[in-house]
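Read the structure below first, then the notes.
Computation of the quantities below employed the complete heavy-atom set of this structure, encompassing side-chain atoms and omitting hydrogens, waters and symmetry-equivalent molecules. The structure presented is a predicted model; accordingly, all values stated were derived computationally and were not measured.
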Amino acid sequence: MAMLTFNTRILAGAAVLAAALAACARPAPPATTAPVTAAPAAALPSAQRSPLPPPVAAVPAPHAEPALASMSLAEATSKMGVPVDLHYQFEGDASGQQVTLHLAAVPRVAGSNLNVSIKKVPGLQTTAPALNAQKVSATTAYRQQVSLTRLVDAPAEVRILVTMDLPEGTTFGWFGVPLKAAPGPAGKQPAPVQ
């Protein structure tokens, strides 16, 4: 009798295992291309309301790079120079939110270790690492996108350091990108960047 109960348990366990494996082997339902719209939680019966938070918005895709000819030329603000032209363009009107700053460093001579970095200052929040290029060709545009938010106490321009190695040594230059924006409200609220 004890042997019969043991065999029954083994058979029951095997049946559960087989059912679990069969469930795993089922193909996934086909994906739909139509967007899924959720009804407001208040419109759903209480049994269908989910305790989970609403889904997070998708991360926006990188912006398309503007044509080099449409970009403005940044003004060199130092006497020492680097043989690089720095082009820039702001994308849209931030109206107190982040704006995308497109940068394009165009060397006039070949070199190495091109580095483009934004000077961190109070009042400007940027989210982009420095642009680095190991081997640099003349007249090639090395591009970078920077998310930038201007706060009330921000300076009138973004300061950008460009360095590049040449056979004679390392060269560097500071460039200024003007922030054409009206002063913001009191406090640390973002002001528009154009």
Side-chain angles (χ1 to χ4, degrees), residues 55-194:
V56 177
V59 176
H63 301 278
E65 295 289 351
L68 197 59
S70 70
M71 299 174 79
S72 300
L73 192 59
E75 183 179 332
T77 59
S78 62
K79 291 182 182 180
M80 294 293 293
V82 60
V84 173
D85 294 323
L86 184 66
H87 300 263
Y88 70 93
Q89 181 174 331
F90 288 100
E91 186 167 309
D93 179 12
S95 299
Q97 298 180 11
Q98 286 185 348
V99 65
T100 300
L101 170 61
H102 295 274
L103 296 173
V106 182
R108 294 188 296 270
V109 296
S112 61
N113 298 324
L114 174 69
N115 186 295
V116 179
S117 60
I118 294 179
K119 181 178 181 182
K120 297 203 180 292
V121 295
L124 287 179
Q125 295 176 346
T126 59
T127 57
L131 168 69
N132 294 304
Q134 294 301 315
K135 186 172 173 131
V136 181
S137 301
T139 69
T140 299
Y142 297 90
R143 294 178 177 263
Q144 178 183 28
Q145 290 183 17
V146 179
S147 291
L148 182 125
T149 303
R150 181 178 188 221
L151 304 176
V152 172
D153 55 350
E157 69 179 9
V158 178
R159 301 261 303 158
I160 301 172
L161 176 63
V162 179
T163 62
M164 187 171 74
D165 292 343
L166 298 174
E168 300 82 31
T170 300
T171 61
F172 71 94
W174 285 99
F175 293 86
V177 173
L179 295 170
K180 300 173 186 166
K188 294 246 180 202
Q189 297 299 317
V193 176
Q194 298 177 359

Could you tell me the separation between the CD atom of Gln145 and the CD atom of Glu91, rounded to the nearest 0.5 Å? 7.0 Å
The single option from His102, Gln89, His87 that satisfies side chain to side chain donor-acceptor pair (under 3.5 Å) with Ser70 is Gln89
Let me see the working for Ser112 and Gln134 under side-chain hydrogen bond (donor to acceptor under 3.5 Å, both in side chains), right down to the final yes or no. CA-CA 5 Å; Ser112 61; Gln134 294 301 315; over 6 Å; no
Can you name the residues that form a side-chain hydrogen bond (donor to acceptor under 3.5 Å, both in side chains) with Thr139, not counting sequence neighbours? none
Within-4.5 Å side-chain heavy-atom neighbours: Phe90 and Pro66: no
Which pairs, with at least one residue in residues 114-124 and sequence neighbours excluded, count as a side-chain hydrogen bond (donor to acceptor under 3.5 Å, both in side chains)? Asn115-Asn132
How many angstroms lie between atom CD of Glu75 and atom CG of Leu86, to the nearest 0.5 angstrom? 12.0 Å
Look up atom CD in Gln98 and atom OG1 in Thr126, then write down how far apart they are to the nearest 0.5 Å. 10.0 Å
How would you list, by chain and number, every residue that makes a side chain to side chain contact (heavy atoms under 4.5 Å, CB included) with Ser72, sequence neighbours excluded? Tyr88
Return each pair, listed once, that meets salt bridge (Lys or Arg N to Asp or Glu O under 4.0 Å) where at least one residue sits in residues 100-115; pairs must be two or more places apart or across chains. Asp85-Arg108
Rounded to the nearest 0.5 Å, how far does CG of Leu148 lie from OG1 of Thr127? 8.5 Å
Rounded to the nearest 0.5 Å, how far apart are CD of Gln144 and CG of Leu101? 8.0 Å
Between side-chain atoms of residues 154-177 and protein atoms elsewhere (two or more places apart, or another chain), which donor-acceptor pairs fall under 3.5 Å?
| from | atom 1 | to | atom 2 | distance (Å) |
| --- | --- | --- | --- | --- |
| Arg159 | NH1 | Thr77 | OG1 | 2.6 |
| Asp165 | OD1 | Thr170 | OG1 | 2.7 |
| Asp165 | OD2 | Asn113 | ND2 | 2.7 |
| Thr171 | OG1 | Met164 | O | 3.0 |

For Arg143, give me all partners under salt bridge (charged side-chain N to carboxylate O under 4.0 Å, His left out), at least two apart in sequence or on another chain. Glu65
